[in-house]
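Just below is one structure, and these are the notes that go with it.
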Amino acid sequence: SLLFANKTKKDIFLEDYLARRVGQNYINILSQEKTPSYPFGRIDKQFLKDLNLDLSTCFYICGPPKMTEDLVETLSDLGVKKNHIVTEDFDD
């Protein structure tokens, strides 16, 4: 699955390409624009629970440091093993 969080619909890039490649497992969520086409809010514990994801798989998180930190904590709270959570490294 690919969960893609953006502020608004216009911020989504490569949408058609990713939709073709990933299919029904391509999910966009918008945090600053409500539209009937996309879920509204943030990728949080309830959003992840509602997706019924296989929590025994690996998760790769790419994004701003605070979002990454929050998602690592959320996934851990949901029972995802620490070695199944991969984040990108930022050089300061």
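What you are looking at is a predicted structure, and each value in this text was computed from that prediction instead of being measured.
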- [ ] Say whether Thr74 and Asp77, considering side chains only, have a donor N or O and an acceptor N or O under 3.5 Å apart.
- [x] no
- [ ] Find out whether Leu78 and Leu53 are in side-chain contact, i.e. whether some heavy atom of one side chain is under 4.5 Å from a heavy atom of the other.
- [x] no
Open item on the list: Please tell me whether Leu48 and Val22 are part of a single hydrophobic cluster in this structure, the criterion being side-chain heavy atoms less than 4.5 Å apart.
Closed with: no
Task: Minimal non-hydrogen separation, Glu88 against Cys62, with atom names - done: OE2-SG, 3.1 Å
Open item on the list: Measuring only between side-chain heavy atoms, which start at C-beta, is Leu75 closer than 4.5 Å to Ile61?
Closed with: yes
TODO: Verify the cluster assignment for Ile43 and Phe40: are they in a single hydrophobic cluster under the rule of side-chain heavy atoms below 4.5 Å apart?
DONE: no
Task: Other cluster members, Val86 - Ile/Leu/Val/Met/Phe/Trp/Tyr, side-chain contacts below 4.5 Å - done: Tyr60
Task: Rounded distance (nearest 0.5 Å) linking atom OG of Ser1 with atom CD1 of Ile27 - done: 5.5 Å
Open item on the list: Could you work out, with side-chain hydrogen bond (donor to acceptor under 3.5 Å, both in side chains) as the rule, every residue matching Glu15, not counting sequence neighbours?
Closed with: Tyr38
- [ ] Check whether Leu30 and Leu2 end up in the same hydrophobic cluster, where Ile, Leu, Val, Met, Phe, Trp and Tyr are linked by side-chain heavy atoms less than 4.5 Å apart.
- [x] yes
Task: Same cluster (ILVMFWY, side-chain, under 4.5 Å), Ile29 and Val72 - done: yes
Open item on the list: Counting C-beta onward and ignoring hydrogens, is there a side-chain heavy-atom pair between Asn28 and Asn6 closer than 4.5 Å?
Closed with: yes
- [ ] For Asp70, check side-chain hydrogen bond (donor to acceptor under 3.5 Å, both in side chains) against everything at least two apart and list the hits.
- [x] Lys66
Task: Contacts of type side-chain hydrogen bond (donor to acceptor under 3.5 Å, both in side chains), residue Asp54, not counting sequence neighbours - done: Ser56
Task: Interatomic distance, Leu18 atom CG to Asp16 atom CG [nearest 0.5 angstrom] - done: 9.0 Å
TODO: For Phe4, enumerate each residue passing the ring pair (Phe, Tyr, Trp, His ring centres under 6.0 Å) test, keeping only those at least two apart in sequence or located in another chain.
DONE: Phe13
Open item on the list: Test of understanding: with side-chain hydrogen bond (donor to acceptor under 3.5 Å, both in side chains), list the residues that count as partners of Gln46, not counting sequence neighbours.
Closed with: Asp50
Open item on the list: Do Ile85 and Leu55 sit in one hydrophobic cluster, given that two such residues count as connected whenever their side-chain heavy atoms are within less than 4.5 Å of each other, even indirectly?
Closed with: yes
Task: Closest heavy-atom pair and its distance - Lys9, Glu33 - done: N-OE1, 2.7 Å
Task: Leu71 and Phe59, any side-chain heavy atoms less than 4.5 Å apart - done: no
Open item on the list: Looking at every non-hydrogen atom in both residues, tell me the closest pair between Ser31 and Arg42 and how far apart they are.
Closed with: CB-NH1, 4.0 Å
